[in-house]
Amino acid sequence: AELTVSVDGSNGTFSAEGLPASWSVIGGGKTWAVPSTIDPTTNAVIRLNVISPAQDADIIAYSDPFTLRGMKVVSPATGTNWGLSQVVFVDFMSAGMGGGATADIYYAPDGVTYDTANPITSGLALVDGSNTYMWTIETGINLTRTPSTNARIKVVSGAYEGISEPFKVRGIKVTKP
């Protein structure tokens, strides 16, 4: 049998996404390590397509929709080039965080050390699906973001987090008068 998954319900596009390429239906259940590249969703469906023996070929069964809980940053992405004082949009997906869930968003100019003392925002209300936060990259006296060629954004809600691909923030930061 072949197993594939859709993040858009039974009418969506199906792909392997870390599922075994083929397996025996007689063998029972299978463990699936969900890859980090798959989008969080509340509408995931697994499709089982029997391919042998020949008399059973083309028997197809679908699971009930289920939630793939998680967070995934969509933007910024690799190749993004933002500037200090620019208004930008942090776009991310979330699913299964629960009613009333909120997120905090952090910046790491070195791509590793997130400034948790000065989040981009905190307590941002989440919805299942697409979320957007409009951010004016700060350059004021009280809070100055550092330009970078390897910056990352991290979105955190409870035990779940999504981390952006590396991107650039151009500008000049004066550290001494």
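- M134 belongs to a hydrophobic cluster with V87, F89, counting contacts under 4.5 Å between side-chain heavy atoms of Ile, Leu, Val, Met, Phe, Trp and Tyr, direct or through other members.
- Here OG1 of T80 is found 10.0 Å from CD of E165. Values are rounded to the nearest 0.5 Å.
- Applying the side-chain contact (heavy atoms from CB on, under 4.5 Å) rule to S63 yields the partners V45, I46, F66; only residues at least two apart in sequence or on another chain are considered.
- Applying the side-chain hydrogen bond (donor to acceptor under 3.5 Å, both in side chains) definition to pairs two or more places apart or across chains, those involving residues 8-17 are S15-E17.
- Every ring pair (Phe, Tyr, Trp, His ring centres under 6.0 Å) that Y62 has, sequence neighbours left out, goes to F14.
- The line from CD of E138 to OG of S85 is 9.5 Å long, rounded to the nearest 0.5 Å.
- Contacts classified as salt bridge (Lys or Arg N to Asp or Glu O under 4.0 Å) and involving residues 68-82 (residues at least two apart or in different chains) are given here: D39-K72.
- Every residue two or more places apart in sequence or in another chain was checked for a side-chain hydrogen bond (donor to acceptor under 3.5 Å, both in side chains) with S75, and none qualifies.
- Here the side chain of T102 pairs no donor or acceptor atom with the backbone of A125 at under 3.5 angstrom.
- Hydrophobic side-chain contacts under 4.5 Å tie I163 into a cluster, directly or through other members, with Y106, Y114, V156.
- The other residues sharing a hydrophobic cluster with I137 are M71, V73, W82, L84, V88, V90, F92, M97, I105, Y107, I120, L124, L126, Y133, W135, I153, V155, Y160, F167, V169, where clustering joins ILVMFWY side chains under 4.5 Å apart.
- Closest heavy-atom contact between S164 and P76: CB-O, 3.5 Å.
- How far OG1 of T4 is from CZ of R47: 3.5 Å, rounded to the nearest 0.5 Å.
- Remark: T42 engages T67, A95, D128 in a side-chain contact (heavy atoms from CB on, under 4.5 Å) (not counting sequence neighbours).
- What you find for T113 and D110 is that their closest heavy atoms are N-OD1, 2.7 Å.
- Taking T146 as the reference, P109, K173 meet the side-chain contact (heavy atoms from CB on, under 4.5 Å) condition, with sequence neighbours excluded.
- The main-chain N or O of T116 is never found under 3.5 Å from a side-chain atom of N118 such that the two would form a donor-acceptor pair.
- Residues satisfying the side-chain hydrogen bond (donor to acceptor under 3.5 Å, both in side chains) criterion with D91, sequence neighbours excluded, are T132.
- Residues S148 and A151 share a closest heavy-atom pair of OG-N, 3.0 Å.
- At a threshold of 4.5 Å between side-chain heavy atoms, the hydrophobic network of Ile, Leu, Val, Met, Phe, Trp and Tyr places L48 and L19 in one connected group.
- Between P35 and G18, the shortest heavy-atom distance links the atoms CG-N, 4.4 Å.
- At least one donor-acceptor pair under 3.5 Å links the side chain of D104 to the backbone N or O of G123.
- Scored by the side-chain contact (heavy atoms from CB on, under 4.5 Å) test, P166 finds T78, N150, R152 as partners (sequence neighbours excluded).
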